[in-house]
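These figures come from a predicted structure and were not determined experimentally.
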Amino acid sequence: ALYEQGNNLNRAALSQIHQAQALQSMGLYPLAIDRLKQLQTSLQDAPTSLTKISVLQRLGDAQRGIGRLRESQNSFRHSLELAEQVQNPDAIASAYLGLGNVARAKINTLRQASFTTNDQNIAGHTQDAAALCVADRSNIINSGPGRQLSQAIACYQAATQIPGLTITTQTNAQLNHLSLLTETQQWQQAMAQQKDIQNHINRLPPGRAAVYAQVNLAQSLIQLKEVNRPGLSWNRISQLLTQAYQQAQSLNDIRAQSFA
């Protein structure tokens, strides 16, 4: 049925992607994965497209959600290859974000540990972030937490460096990077990162993405404030959350209101 001509192909595929997302939102990850794998097989001989890339990235998200990290890594790696073929900036950045999230998943249970990382070296050589993100990919899953932290940071940085990104994708990449830095107690780097993010959030169009971005920034700022980093106030954090809730109300978005 998916091999109908023209837009019918994308419409049918997108409908199945949305069904898989609904299954995932209900916690039915194995069913979502099965649905996406069936769709991936159906699209195998179709030309490279954003739809095929979206299927792979949704599949990678679902696989990561139930701890199938090697499979998730492979899905995002494949999506990166296809995204680079079609040269779509947001698709490329989303693939890097996915790879960063896979590396991050292995260290989420070690948030209070002390990590040895070359984060400052990465920051000083950001042009190498993409190379570091995809380097030794077969060893990411089995490497130590310090290496995984460096890998995740490099992937998030690579995502922000893609020319032509939409402001929404760029902000999401920065927020992921910031939350990783705060979770792993990289306080100095986190303070530097949060300053740029606020400017990008101010440029986001009204919508759920803007609401979520403000709440995510507030969550990271709370962690920074709780360790008494200078230059932050509870008033600023409160204003962020209040603004997010008011925007969600104006959009009549119950889900976003609940998140805020």
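With a 4.5 Å cut-off on side-chain heavy atoms, Leu149 and Leu180 count as touching. Residues His78 and Ile53 fail the side-chain proximity criterion, which asks for heavy atoms closer than 4.5 Å. In this structure the side chain of Phe76 reaches within 4.5 angstrom of the side chain of Val102, judged on heavy atoms. Using a 4.5 Å cut-off on side-chain heavy atoms (C-beta onward), Arg68 and Ile33 make contact.
Using modelled atom types, no side-chain atom of Asn88 and backbone atom of Glu84 make a donor-acceptor pair closer than 3.5 Å. Thr171 places a side-chain N or O within 3.5 Å of a backbone atom of Ile167 that can act as its donor or acceptor partner. At distances below 3.5 Å, not a single donor-acceptor pair connects side-chain atoms of Ser94 with backbone N or O atoms of Ala91. The main-chain N or O of Thr166 is never found under 3.5 Å from a side-chain atom of Thr169 such that the two would form a donor-acceptor pair. At distances below 3.5 Å, not a single donor-acceptor pair connects side-chain atoms of Gln16 with backbone N or O atoms of Ala13.
With hydrogens and angles left out, the side-chain atoms of Ser179 and Arg104 include a donor and acceptor closer than 3.5 Å. Looking at Gln63 and Ser75, their side chains do bring a donor and an acceptor atom within 3.5 Å of each other. Using a 3.5 Å distance cut-off with no hydrogens or angles, the side chains of Glu183 and Gln223 do not pair a donor with an acceptor. Side-chain atoms of Tyr156 and Asn101 form a donor-acceptor pair, as typed in the model, at a separation below 3.5 Å.
Residues Leu56 and Leu50 fall within the same hydrophobic cluster, defined by Ile, Leu, Val, Met, Phe, Trp and Tyr side chains chained together at heavy-atom separations under 4.5 Å. Linking Ile, Leu, Val, Met, Phe, Trp and Tyr whenever their side-chain heavy atoms come within less than 4.5 Å leaves Leu82 and Ile162 in two separate clusters. Val215 and Leu221 fall within the same hydrophobic cluster, defined by Ile, Leu, Val, Met, Phe, Trp and Tyr side-chain heavy atoms under 4.5 Å apart, directly or through other members.
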Could you go through Ile222 and Lys225, starting from their C-alpha distance and side-chain angles, then the distance that decides it, and tell me whether this counts as side chain to side chain contact (heavy atoms under 4.5 Å, CB included)? CA-CA 5 Å; Ile222 288 171; Lys225 181 62 179 173; 5.7 Å; no
Show your working on salt bridge (charged side-chain N to carboxylate O under 4.0 Å, His left out) between Asp61 and Arg64 and close with a plain yes or no. CA-CA 5 Å; Asp61 279 334; Arg64 177 177 54 83; 3.4 Å; yes
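Tested against Leu224 for a side chain to side chain contact (heavy atoms under 4.5 Å, CB included), the candidates Thr182, Leu181, Ile237 yield a single pass: Thr182.
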